[in-house]
Amino acid sequence: MDDLERLADDIRDAATVVAFTGAGISQPSGVPTFRGDDGVWEKFDEGQFTYGRFQRDPVGFWADRVELQRVMFDEEYEPNAAHEALAELGRDGSLEAILTQNTDGLHGEAATSAREGGTDETTILELHGNSQRVRCIDCGKRADGDSIFERAADGELPPTCDCGGVYKPDVVLFGEQLSGAVIQRARSLAQESDVFLAIGSSLVVEPAASLPRLATSSGATVGIVNLESTPIDGSADVVVREDVTDVLPEIRALVEK
Ligand SMILES: [Zn+2]
């Protein structure tokens with residue numbers, strides 16, 4: 001029996017399956033990465049997008065942020081076969097939660113498409129927020145980012161909520177803490193999982209590095225799907241260094257068999 005079949009068997013037998021995803025799952029959709037030679041931070045100075053600057057200089061922050069959004073989202077990105085496979089596993093009751101480092105919202109979009117004709121109770125935990133949304137720093141109201149980014153591009157700097165509060169992109173900025181509640185939830189899910197799949201993440205930065213370790217230490221089967229090696233490979237049960245858009249649909253098909 002090969003590795004993927006064993007993984008699929010474990011998923012079928014598991015009470016709780018949790019997937020953790022990083023930039024590598026969105027790369028095939030064309031979403032630009034932040035780091036690396038072609039990364040967004042080669043074109044922009046990441047120091048302009050800190051939480052400190054947002055607080056000090058919301059006008060300048062938003063002017064630069066509009067430009068960043070324009071470059072990053074100059075085209076519409078679509079969920080790819082890997083997002084879809086996870087969404088289908090979720091819809092069919094084989095996946096409890098998706099924890100993601102990505103802010104592109106593609107897991108949510110894939111889940112919405114997959115849900116048609118079924119029920120889907122998969123939890124999607126966006127650890128770093130969602131760049132397609134904004135949030136008022138005073139009343140906490142969230143709004144769809146498109147219209148707010150448009151208002152900012154038209155000169156409303158910074159864009160504000162009906163209550164008068166300034167809108168902030170609903171993502172975790174440099175220098176801003178990840179939500180403690182969200183991290184706690186992610187850790188609990190990793191600990192509860194019987195199967196933990198880490199997909200498209202180098203598993204280097206926190207909390208990505210510690211979640212698979214938590215899963216391992218509570219006895220979960222840990223599977224890693226990533227093109228490059230990760231520091232967790234040695235303790236994982238299954239390591240697959242192939243394209244996520246090939247591997248995830250294959251796992252999904254084996255689970256359904
Ligand atoms: Zn408000």
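All figures in this text were calculated on a predicted structure; none of them were measured in a lab. When a ligand or atom number is given, it counts from 1 through the structure's own listing order.
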For this session: Answer yes or no: is there a donor N or O on one side and an acceptor on the other, between the side chain of T100 and the main chain of N102, under 3.5 Å?
Result: yes

For this session: State whether the side chain of T103 and the backbone N or O of H128 hold a donor-acceptor pair below 3.5 Å, judged by distance alone.
Result: no

Exercise. Sub-3.5 Å donor-acceptor pair from the side chain of T50 to the main-chain atoms of R53, do we have one?
Worked result: yes

Problem set entry | Backbone N/O of A15 and side chain of D194: donor-acceptor pair under 3.5 Å | yes

Problem set entry | Atoms named by residue and atom, protein N, O or S, within reach of the Zn ion (ligand 1) (under 2.8 Å) | C136 SG, C139 SG, C161 SG, C163 SG

Problem set entry | Sidechain-backbone polar pair: S235 side chain, I232 backbone, donor-acceptor under 3.5 Å | yes

Exercise. Short question: side chain of R252, backbone of A87 - any donor-acceptor pair under 3.5 Å?
Worked result: no

